[in-house]
Amino acid sequence: MKIVEKFISIDGEGPTAGGLSVFIRLAGCNLKCIWCDTCYAQEYNSFNEELTVNEIVDYVKETGIHHVTLTGGEPLIHNDVKNLLSELSKVVEIHVETNGSVDVSEYRVSEKVHFVIDYKLPESGMENEMCLQNLSTVNKNDAYKFVISSESDAYKAIKIIKKYNLENTTQVYLSCVFENFTPKELVEIMKKEKLNGVRLQLQMHKFIWDKNKRGV
């Protein structure tokens with residue numbers, strides 16, 4: 001499998017934010033979001049090493065860390081990813097960070113595999129690529145993430161959250177494209193709309209390290 005980078009850090013966002021995780025970042029993405037913050041992983045030829053499933057599992061075991069964050073790029077477009085998830089789930093808990101364009105149902109190979117699914121809002125330029133099936137099949141161990149770039153994006157996110165009852169069926173997180181929309185603005189909307197089942201997240205890793213630093 002084509003690996004862009006692998007490292008130990010804290011999860012910067014989502015259900016396990018602040019906890020240690022082994023990050024496995026796979027190369028290649030089927031989307032091109034305007035505000036993407038991991039452009040270096042978008043291309044299939046951007047990998048630094050190729051590892052077998054067994055080699056990845058061995059690396060994870062050697063770290064002594066009990067949680068894996070599988071990310072990209074888009075990890076679910078890789079041919080052997082289901083096998084990777086099956087083998088990793090024998091030894092660790094896994095969060096798969098996926099861009100929302102792939103139906104996650106066929107990758108639920110274990111109760112230890114959970115999904116952090118993006119819904120790409122209009123200003124990402126990729127909303128038409130979303131797999132709407134995911135919105136109806138997520139559970140409390142998964143999460144939906146909305147990256148907000150404007151007030152109109154925020155209200156589109158709220159519309160989706162309400163339409164699919166996400167506040168009651170899964171964990172919901174909102175974050176900002178900082179250059180375009182501030183957390184303060186987003187909190188005011190959350191207060192106004194009484195979003196009781198929704199959490200703001202600030203990408204913790206970007207406050208600890210430089211926002212462009214890799215491998216953290």
Side-chain angles (χ1 to χ4, degrees), residues 1-29 36-44 46-100 102 104-118 138-145 170-173 175 199-216:
M1 304 190 79
K2 293 177 171 57
I3 310 295
V4 177
E5 55 188 354
K6 62 185 193 301
F7 56 92
I8 301 169
S9 187
I10 58 160
D11 254 333
E13 55 189 336
T16 51
L20 286 174
S21 189
V22 183
F23 285 77
I24 307 294
R25 188 180 303 282
L26 299 178
C29 189
C36 181
D37 60 358
T38 52
C39 292
Y40 59 89
Q42 282 187 349
E43 303 303 325
Y44 294 102
S46 61
F47 65 96
N48 290 314
E49 58 183 329
E50 289 187 274
L51 298 176
T52 66
V53 166
N54 288 339
E55 286 171 333
I56 295 171
V57 173
D58 287 343
Y59 165 73
V60 170
K61 287 179 179 178
E62 290 168 5
T63 67
I65 304 301
H66 299 158
H67 186 270
V68 164
T69 301
L70 186 65
T71 187
E74 172 46 57
L76 297 183
I77 61 175
H78 289 260
N79 291 333
D80 215 16
V81 70
K82 190 182 292 187
N83 184 29
L84 176 62
L85 291 172
S86 295
E87 293 303 311
L88 282 174
S89 67
K90 295 175 182 178
V91 293
V92 291
E93 201 89 8
I94 307 156
H95 271 103
V96 181
E97 294 187 340
T98 176
N99 65 24
V102 179
V104 303
S105 59
E106 67 173 289
Y107 299 97
R108 292 189 183 278
V109 296
S110 166
E111 291 182 356
K112 290 187 175 182
V113 178
H114 315 298
F115 297 91
V116 180
I117 307 171
D118 278 6
V138 285
N139 61 51
K140 286 290 189 180
N141 292 318
D142 301 320
Y144 245 100
K145 182 178 71 175
T170 192
Q171 303 171 72
V172 183
Y173 296 88
S175 60
R199 298 177 186 176
L200 175 73
Q201 62 179 12
L202 294 175
Q203 294 188 298
M204 195 181 297
H205 51 289
K206 293 185 179 179
F207 288 85
I208 301 172
W209 298 280
D210 181 276
K211 67 178 183 177
N212 296 314
K213 187 172 177 60
R214 291 169 56 174
V216 294

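Applying the salt bridge (Lys or Arg N to Asp or Glu O under 4.0 Å) definition to pairs two or more places apart or across chains, those involving residues 14-26 are E5-R25. Listed by first and then second residue, the salt bridge (Lys or Arg N to Asp or Glu O under 4.0 Å) pairs that reach into residues 64-84 are K82-E106, sequence neighbours excluded.
The two atoms that bring N99 and V102 nearest to each other are OD1-N, 4.4 Å, heavy atoms only. Nearest heavy atoms, H78 versus K2: CE1-O, 4.4 Å. Minimum heavy-atom separation, G73 to C29: CA-CB, 3.9 Å.
More than 12 non-hydrogen atoms from other residues, nucleotides or ligands lie less than 6.0 angstrom from CD of E50. A 6.0 Å sphere centred on CZ of R199 holds no more than 12 heavy atoms belonging to other residues, nucleotides or ligands.
Remark: of the listed residues T16, T63, T69, T69 is the sole one forming a side chain to side chain donor-acceptor pair (under 3.5 Å) with S21.
Using a 4.5 Å cut-off on side-chain heavy atoms (C-beta onward), Y107 and V96 make no contact. Contact of the I24 side chain with the L51 side chain is not registered, since no non-hydrogen atoms from C-beta on lie closer than 4.5 Å. Taking 4.5 Å as the limit, some side-chain heavy atom of H67 sits within range of a side-chain heavy atom of H95. By the 4.5 Å heavy-atom criterion applied to side chains, V60 and K6 are not counted as neighbours.
Checked by atom type and distance alone, the side chain of D118 never pairs as donor or acceptor with a backbone atom of G100 at under 3.5 Å. Within the 3.5 Å criterion, the main-chain N or O of G18 finds no donor-acceptor partner in the side chain of D11. In terms of modelled atom types and a separation under 3.5 Å, the side chain of E49 and the main chain of I3 share no donor-acceptor contact. Side chain of H114 to backbone of N139: no donor-acceptor contact under 3.5 angstrom is found.
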